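One structure follows; several queries about it will come next.
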Amino acid sequence: MLIRPLNVDDVDNWYAYLLKVAGQTSNISFSTADVKQRFRPDKMRGHLGNNDSNISFVAITDEKIVGLASISRRLLPRYLKRGELAISVDEDYWGQGIGSSLMAKVINYVQQSWQLSVIYLDVLTSNTRAIRLYEKFGFKISGDYPLLLRIDGHNQPGKLMYKQL
């Protein structure tokens, strides 16, 4: 497995990955229909390249993306020291350390390149597997969302988590 920054040559593979994981789980912020409507490859190319405000790392196995971690921050001076993290792993590759490898890569990158003070993330309350991963990396729960996502017509609660760097 290789972990590296996402680049423009990955767009078709990235799109296929997003379609696949959206169909595997409700634990992410988008559905398959959302991917088809909002994540078209031509639009996705335009979102790559500004590593000052966002960067994504991909886990590659057999020349396909099997994991993705994205972190972003606002470039306003008052927000420069905080980032927002999102991570996903293809269900076929769960339990193989890919999520941990992606987390380590992102944390190292933002400490070295962005000098962040804190990373925030949102997670569904029911996603105990992800919560355990985040806690393993020192994230703490700082609050509850009575509604984090609306999935299949139902409100789903969530947790706000953070890690001080």
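Values below: all heavy atoms of this structure, side chains included; hydrogens, waters and symmetry mates excluded. Given the structure is predicted, the values throughout are model-derived calculations rather than measurements.
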#### Entry: Sequence-distant partners of T125, side chain to side chain donor-acceptor pair (under 3.5 Å), two or more places apart
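Expected list: none.
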
### Task
With sequence neighbours excluded, tell me which residues meet salt bridge (Lys or Arg N to Asp or Glu O under 4.0 Å) with R82.
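By the salt bridge (Lys or Arg N to Asp or Glu O under 4.0 Å) rule, R82 matches E84.
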
### Query
Side-chain heavy atoms under 4.5 angstrom apart, residues restricted to Ile, Leu, Val, Met, Phe, Trp, Tyr: same cluster for L2 and L6?
yes

### Task
Check whether any side-chain heavy atom of W94 sits under 4.5 Å from a side-chain heavy atom of R129, and report yes or no.
yes

### Query
Do K163 and L85 have side-chain heavy atoms sitting under 4.5 Å apart?
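Not touching, per the 4.5 Å side-chain cut-off.
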
### Query
Shared ILVMFWY cluster between I87 and V118, side chains joined below 4.5 angstrom?
no

### Task
Answer yes if I71 and Y120 sit in the same cluster of Ile, Leu, Val, Met, Phe, Trp and Tyr residues linked by side chain heavy atoms under 4.5 Å apart, and no otherwise.
no

### Task
Measure across K136 and S100 and return the closest heavy-atom pair with its distance rounded to 0.1 Å.
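That would be NZ-OG, 2.7 Å.
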
### Message
Using the ring pair (Phe, Tyr, Trp, His ring centres under 6.0 Å) criterion, which residues pair with F39? Sequence neighbours excluded.
### Response
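For F39, the residues satisfying ring pair (Phe, Tyr, Trp, His ring centres under 6.0 Å) (neighbours in sequence not counted) are F30.
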
### Residues clustered with Y79, ILVMFWY side-chain links under 4.5 angstrom
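Cluster partners of Y79: L76.
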
### Message
Test of understanding: with side-chain contact (heavy atoms from CB on, under 4.5 Å), list the residues that count as partners of L124, not counting sequence neighbours.
### Response
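Scan of L124 (side-chain contact (heavy atoms from CB on, under 4.5 Å), adjacent residues dropped) gives N27, S126, N127, L148, L149, I151, Q156.
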
#### Entry: Residues which pass salt bridge (Lys or Arg N to Asp or Glu O under 4.0 Å) with R38, listed by chain and number, not counting sequence neighbours
D34

#### Entry: Value rounded to 0.5 Å, distance of CG in L68 from CD1 in I28
9.5 Å

### Query
Linking I/L/V/M/F/W/Y whenever any side-chain heavy atoms sit under 4.5 Å apart, do L48 and L102 land together?
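No, L48 does not connect to L102 through the hydrophobic network.
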
Just list the side-chain donor-acceptor pairs under 3.5 Å for residues 110-117, sequence neighbours left out, or say none.
residue : atom : partner : partner atom : Å
W114    : NE1  : N51     : O            : 3.0
Q115    : NE2  : Q112    : O            : 2.5

### Task
Indicate if F139 and I131 have the same hydrophobic cluster label, given that clusters are the connected sets of ILVMFWY residues with side-chain heavy-atom separations under 4.5 angstrom.
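As far as the 4.5 Å side-chain criterion goes, I131 and F139 are connected within one cluster.
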
### Message
Side chains of D10 and K64, heavy atoms from C-beta outward: is any pair under 4.5 Å?
### Response
no

### Message
Using the salt bridge (Lys or Arg N to Asp or Glu O under 4.0 Å) criterion, which residues pair with R74? Sequence neighbours excluded.
### Response
none

### Task
Start with the C-alpha gap between M161 and E135, add the side-chain angles, then the distance that decides, and say whether side-chain contact (heavy atoms from CB on, under 4.5 Å) holds.
CA-CA 9 Å; M161 298 185 76; E135 289 175 338; 3.9 Å; yes

### Query
If you round to the nearest 0.5 Å, how far is CD of Q96 from CE of M1?
8.5 Å

### Task
Apply side-chain contact (heavy atoms from CB on, under 4.5 Å) to L133 and M103, showing your working.
CA-CA 9 Å; L133 171 68; M103 289 290 288; 4.0 Å; yes

### Message
To check you understand the geometry: which heavy-atom pair defines the closest contact between P41 and V11, and what is its length?
### Response
O-CG1, 3.5 Å

Residues 54-61, side-chain donor-acceptor partners within the protein, below 3.5 Å, at least two apart:
residue : atom : partner : partner atom : Å
S56     : OG   : S70     : OG           : 2.6

### Query
Which ring-ring contact (aromatic ring centres under 6.0 Å, His included) pairs, counting each pair once, include a residue from residues 143-165, with sequence neighbours left out?
none

Residues 13-22, side-chain donor-acceptor partners within the protein, below 3.5 Å, at least two apart:
residue : atom : partner : partner atom : Å
N13     : OD1  : I65     : N            : 3.3
N13     : ND2  : E63     : O            : 3.2
Y17     : OH   : S88     : O            : 2.9
Y17     : OH   : S88     : OG           : 2.7
Y17     : OH   : V89     : N            : 3.3
K20     : NZ   : D90     : OD2          : 3.0
K20     : NZ   : D92     : OD2          : 2.7

### Query
What's in the same ILVMFWY side-chain cluster as L75, cut-off under 4.5 Å, chained through other members?
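Members besides L75, by chain and number: L80.
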
### Query
Counting only heavy atoms not in N108, do more than 12 sit closer than 6.0 Å to its CG atom?
yes

### Message
Can you tell me if K81 has over 12 outside heavy atoms packed within less than 6.0 Å of its NZ?
### Response
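Correct, the count exceeds 12.
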
### Query
Got a salt bridge between D144 and K159, using NZ or NE/NH1/NH2 to carboxylate O under 4.0 Å?
yes

